[in-house]
Every structure is written in structure tokens, then in C-alpha cells.
Amino acid sequence: MEEKNSSSNFIRNIIIEDLESGKHDSIITRFPPEPNGYAHIGHAKSIVLNFDLANEFKGASNLRFDDTNPLKEDQEYVDSIKEDVAWLGYQWDNLFFASDYFEEMYQRAIILIKKGLAYVDDLSVEEIRQTRGTAQGEGKESPYRNRSIEENLALFEKMRNGEFKDGEKVLRAKIDMASPNIIMRDPVLYRIAHATHHNTGDKWCIYPMYDYAHPLEDAIEGVTHSLCTLEFEDHRPLYDWVVRETEMEHQPRQIEFARLNITNTVMSKRKLKQLVDENRVDGWDDPRMPTVSGLRRRGYTPEAIRTFIREIGVSKSNSTVDSQMLEHFIREDLKLKAPRTMGVLKPLKVVITNYPEGEIEWLDAEVNSENPEMGMRKIPFSREIYIEQDDFMENPPSKYHRLFPGNEVRLKHAYFIQCNDVIKNDAGEVIELHCTYDPETKSGSGFTGRKVKGTIHWIEATSALSAEFRLYEPLVLDLEEEELEGDSKSFLDRLNPDSMEVVEGFVEPNMKDAKPQDKFQFFRHGYFNVDPKHSTEEKLVFNRIVSLKSSFKVD
RNA sequence: UGGGCUGUAGCCAAGUGGAAAGGCAACGGACUUUGACUCCGUGAUACGCUGGUUCGAUCCCAGCCUGCCCAGCCA
């Protein structure tokens, strides 16, 4: 699939201006995930944005783990995120860890203390909260706010040396407890946490807070444009304050954009982790998860994800993209790439009464009629086949183009068949059809004697390979009444009980060579991916990536 | 009631002081050995509202309204 150029957006415009004005000769961006969960499609937006910008303007983009909170982070997450970024098609210019800068950050904090701009506070979490003030009223200064520089220096060193317990002391910036921006009311810079860090082990027991660490990380790396989401707009004054007051040479510019929301999609790491922890899904890579690994297992391609993200654009307004947009781009990508094949999800046996018994005929079929370069394949045909249960109706509505008693349809790549008899079981359910075929109507013969309105897919019965198909619907539904409650209870209440339907059917015998992550279009059904976790040589398991669109409507 | 941000068709989203790009969805129609694909056609007397400036405003100014974010020793 040809990938389009990034369309115009305000961040790109800022970069163009900065380059034209000479403010920068080149740009550096970064994707700065915290390794506390798996990357999801919201992160993919940030990844594509940052790396595309660097690529377009011949700059650099780094992958930097913002690992400043050992309590929540884990090596498993850094490994998965690296894999996901690479899978999405991007190579980082540098791999960095915020934890590698802990010493420098510590030294910069000392600069702050020496300038009288930071102090060690003995207030408890609760006391700090209470004295911070509210949105309406200003906060109160801590009684420890005016300790001497010498005392602060000594105390901060003791914090580092592990002489205090968790929560006993923090280092705070001395800014303005009366600021209308709550973020600026003496924010905490360092807290004590006697925890083992995945990268630095037990070397540190004080860890920098995001607001202090992030700007330093960007400044150290020479990041020119530091992209983050809207909720950090209030933090920008602090971001700038930190860079300025710690006397960093380089001043990055923070630019905020709206995070990605998609209809019927949960985009919260906390909630996704909850689904995993409570075993409500088959791991972080469950095909219903909006994680990059879930999308990968579902069968989405990096190309489709990238195109989707470029096409939805970047702005500062909160918005929710229709999930049909994502589906559109995977269909578009797979259209020319995915081999066509036939799969019967819910089989109904058909006996072609006028076809010789015991005979197997091999028919020619294009692998992908929309992409002739993909060549041809052979498929077997005989007296007994399976068709889709939905492709037969004893009493069809008008405009039903498929099989019904007396009606003739084409079997894709084969012959016209006409339905003569309907066999039912004692319960009155249709269990078999008796049809006749017309040898003159063979596919490719050029027969024009009659027209049929419908073409249906089928599988030769004796050589059919049984397979499992997993059909997906949204994991979580957008429900009006629930919108107002934001707690986890309502989120679980919105879980879709029908998010996965498993059916047993048949596929063409040549599918025996299908490998994990191979993608196919099952005729008239949609695009499917061979599940890498559950598919085996004995039993193929297909994940439906997305169905085909359909304009068929019953009146 | 403080601060920050936002508001262009059902959903995303460009754009300029001088007659509103594009994509998704939807709806017609053509084609069709996938009710798919493809192709053709159909959308904002108008850019949150009200005033103002201007020959002229979606774009400038003022006021108002809507939605979102902020009181973690999370990021």
C-alpha cells in the first residue's frame, strides 16, 4: 500500500517555522513511554507522530523510557514496547532511559537548592494535600519552606543516602503557593521510595517526579520539540521553569496534542491491565485488546495502523475517532496483499446428485483477482461439498440472491447449482441439501446461457480441513447511561459478553501450509489472521481481523 | 467561584480577511463469478452564540455559551 505523506497539522507547521526562522537547524523528537504496561494504539499515535516528523525533516527521534517510578515499572514492559515500536516500522536513533540520568538530575536539584529554589519538606502526603489549597483558594506555605540552604543540602543528601523512610521527606520546588495554577504550588520534585528499580537496582532510594525529570530528560537529549498530550498543558510553565532554573543549556519546547480516542475502545492502561490481571482476556495481546500486540495478533498490519494515524490527523480538540476508520484502513491494506480463499464458518452439507460418485475434479482459481501477480491455485470439487448455512433459506425474503428451493446460484470458481431437495432432521432443521449442477456452466468456460444473481463459496467435503474461526466484536461498548460514571465498576459493566464467538468450520485443503500471522481473505467473510498463540498443525485457528463491508439488507 | 485548553458537516480534519480541502460513515446509481472491490453522483446560504471593526470575517476584537483538563510523594 502506498503510504501518503503526513497531512498538515499545527505541530508540523511549528516545526516548519522553526526551521525556516533558523531557530533550529534540525529537529529531535522522542517517544517517551513509561514501562508500566503494554503500548496501545494511543501510543502508536505518539510513535507515528514523533518518528514521522523526525523522518520527514531529516531529524532524529529517540525511544526513551521514562522510568522514574520503580513501583509500577517492569522489564517486561520495556521489552514489549521496544518490540512494538520496531514492529510499527520505526528505528530509534537512540535508546535512552531516564534512569540513566538520575545522577545528573540529582546534581541539578542541588543547583536548585543552592539557588534557594528547592527545599526539603517534612510534611506528610496528607498535609501536603491539605495545604496545597483548592482550585478556588490558594495554598499555605509549608513550615519547612524556609529552611537554610545548608540544612536543605544536608537533608537532601541524607534522603539519597537512605536515612529516611518512604514518605518521611520530599524535595519540593519553591515557587508560589498562591499560583492560580495548582501545578506551580511548590510541586514535589523528589520522593523517597526504597524500591528496586528494573534498571538501577537498589542504587537509588529517591526518585524524581515526572514534572522534574521529564524536562531534564528532554533537555539532556537536545530534544527540540517535546510532544505530549493535552493534560500536560498546565505543566508547561513548570516544565520551562525546571529547564531554566536548573540551568540547562538546551531549552526544548513542549507541545501538547489531543490523545487518541476510538469508539467502543478502552484506551486506559490501568483498565487494560485490569482486564489482563482479572483474566477477562487472553493476555495483553488478546486480539480484542487495542494494544499494539493485540492488534498484531488480531491481524492488523503496521502499514494500516500508520496510515490510520496519519489520516486522522493531529489537533488540540478532544475527539473520538469512529472505529470504522481503523477498519477501513486494514481492509484497504489487505485488499491487494491477502490471498483469497474459501472458508465455510457454519457448514451445511450439499450433495450434487448428478455429479459422479468418487470423482474429484481440480479447478483453477485466482489467488487474488484484484492482484493477478499473486497467481493461481487449484481447488478440489466433488459430489459432496459444504456451503454456508446462511447461504440457504427455505423461505427467503425478496432480494435474497443465494440458494433456496428451485433457485440457481454459482459456486465460486465452479458450476451453477440448483437446489431441488431440502433434508431435515426430526427437529425440522435443515441438515442437507440435494442439488444438481450444470456441467456447461463451469467457471472460466465462457458460458453465457443464463445468469444467476448470486455466487456463493463452498468447500469440497472429503478434503476439507477443519478449522476454528474466532469472530470478534468490541470488547467494551460505549453505553450512554454509563458515560457519566467514570469508575471501574461502570467500565466492567460495559464489557461486551459477545465480544468473541468461536465457530468450527472448514477451509480449503491447501491451507494446511498456513503459518502463524498469515493473512487471508475468506471469500465473502472478511480478512483473517492465523492466530500465533493457538493455531497448531492439527487445528488451524483464525482470528477475524475485520469483516467485509456489506450492503445486503433484509427489508 | 481559580487556572489552562477547546468548539468547521454524523465522525475525524485542512484552511484563508474576498465566494469552506480531504478522509471515514451514510445515501443513490453503474459494474460485478466476493451483496466485496472499483467507478459515478449526493453533503456545510456557511465555520459554538451575540455584537463590533471592515467595502467584505469562519479567519481580527469584545462578551457569552459548550466540552475537556488541573488539588498523586503517578506519568
Side-chain angles (χ1 to χ4, degrees), chain A residues 4 7-10 32-34 36 66 68-69 71-73 121 123-126 128-139 166-172 179-185 187-193 206-207 209-211 213-214 228-237 256 258 261 263 269-270 308 310-329 331-332 335-336 340 342 365-366 369-370 399-402 409-414 416 441 443-444 452-457 521-526 547-553:
Chain A
K4 296 174 188 167
S7 60
S8 178
N9 66 60
F10 77 101
E34 181 190 15
N36 66 344
D66 202 3
T68 58
N69 184 356
L71 269 18
K72 293 186 174 177
E73 297 153 9
D121 198 345
L123 256 29
S124 67
V125 192
E126 189 56 33
I128 286 182
R129 180 181 308 145
Q130 284 167 356
T131 53
R132 181 149 32 218
T134 64
Q136 290 73 40
E138 49 191 58
D166 290 4
E168 210 174 320
K169 287 186 169 33
V170 290
L171 181 74
R172 286 231 253 173
S179 172
N181 181 352
I182 296 172
I183 302 296
M184 298 298 274
R185 320 237 262 230
V188 173
L189 268 22
Y190 270 91
R191 79 283 215 179
I192 298 170
I206 57 171
Y207 293 92
M209 299 289 291
Y210 170 88
D211 283 323
H214 208 89
C228 65
T229 43
L230 254 28
E231 66 270 28
F232 292 106
E233 279 186 306
D234 289 346
H235 299 239
R236 198 185 332 130
E256 311 84 11
N261 295 297
T263 56
K269 258 197 267 186
R270 199 197 95 243
F308 165 72
R310 290 170 185 150
E311 291 301 309
I312 56 174
V314 185
S315 74
K316 295 193 67 162
S317 64
N318 285 310
S319 59
T320 302
V321 176
D322 193 325
S323 56
Q324 289 182 111
M325 188 87 91
L326 220 203
E327 297 184 341
H328 165 78
F329 289 107
R331 287 193 189 101
E332 184 178 279
K335 183 172 62 190
L336 298 180
R340 307 288 123 110
M342 296 194 283
E366 312 88 33
S369 58
E370 293 184 70
K399 295 182 186 166
Y400 185 77
H401 295 166
R402 285 108 92 160
V409 298
R410 170 175 288 285
L411 292 178
K412 179 73 182 175
H413 300 308
F416 284 9
T441 59
S443 183
V452 286
K453 284 194 171 167
T455 296
I456 65 174
H457 59 275
Q521 185 204 89
F522 284 118
F523 253 101
R524 304 204 301 132
H525 277 302
S547 64
L548 255 25
K549 295 214 304 181
S550 172
S551 59
F552 177 60
K553 289 181 282 288

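Naming convention: chains lettered A, B, ... in sequence-line order (proteins, then strands); numbering from 1 in each chain. All heavy atoms count here, side chains included; hydrogens, waters and symmetry mates do not. Remember, it's a predicted structure, so these values are computed and weren't measured experimentally.
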Next on the checklist: In this structure, how many angstroms lie between the C1' atom of B:rA36 and the NZ atom of A:Lys412, rounded?
Outcome noted: 10 Å
When you measure from the side chain of [X], which nucleotide among [options] comes out closest?
X: A:Val188; options: B:rC73, B:rA14, B:rG3; answer: B:rC73
X: A:Arg129; options: B:rG35, B:rG72, B:rG15; answer: B:rG72
X: A:Lys72; options: B:rU33, B:rC73, B:rC74; answer: B:rC74

Item to check | Donor-acceptor pair under 3.5 Å, A:Arg524 side chain vs B:rG35 base | outcome: no
Checklist entry - Is a donor-acceptor contact shorter than 3.5 angstrom present between the side chain of A:Thr455 and the base of B:rU34? => result no
Checklist entry - Excluding sequence neighbours, so at least two apart, what forms side chain to side chain donor-acceptor pair (under 3.5 Å) with A:Asp234? => result none
Checklist entry - Looking for any heavy atom pair under 4.0 Å, which part of the strands does A:Ile312 touch: base, sugar-phosphate only, or nothing? => result sugar-phosphate
Next on the checklist: Once you apply a heavy-atom cut-off of 4.0 Å, does A:Ser443 come out as touching a base, just sugar-phosphate, or nothing?
Outcome noted: base
Next on the checklist: If a pair means Watson-Crick or G-U wobble with both distances below 3.5 Å, what does RNA chain B look like in dot-bracket form, with | marking bases paired to a different strand?
Outcome noted: .((((.(..(((.....[...))).(((((.......))))).....(((((..]....)))))).)))).....
Listed pairs, N/O of protein and of nucleotides 65-68 of chain B, under 3.5 Å:
from   : atom 1 : to       : atom 2 : distance (Å)
B:rC68 : O2'    : A:Asn318 : ND2    : 3.1

Item to check | Residue list, salt bridge (Lys or Arg N to Asp or Glu O under 4.0 Å) with A:Arg185, at least two apart or on another chain | outcome: none
Checklist entry - Does A:Arg410 have any salt bridge (Lys or Arg N to Asp or Glu O under 4.0 Å) partners at least two apart in sequence or in another chain, and if so, which? => result none
Sort me out a list of protein N/O and nucleotides 24-27 of chain B N/O pairs below 3.5 Å, or just none if empty.
from   : atom 1 : to       : atom 2 : distance (Å)
B:rC24 : OP1    : A:His328 : NE2    : 3.3
B:rA25 : OP1    : A:Lys549 : NZ     : 3.3

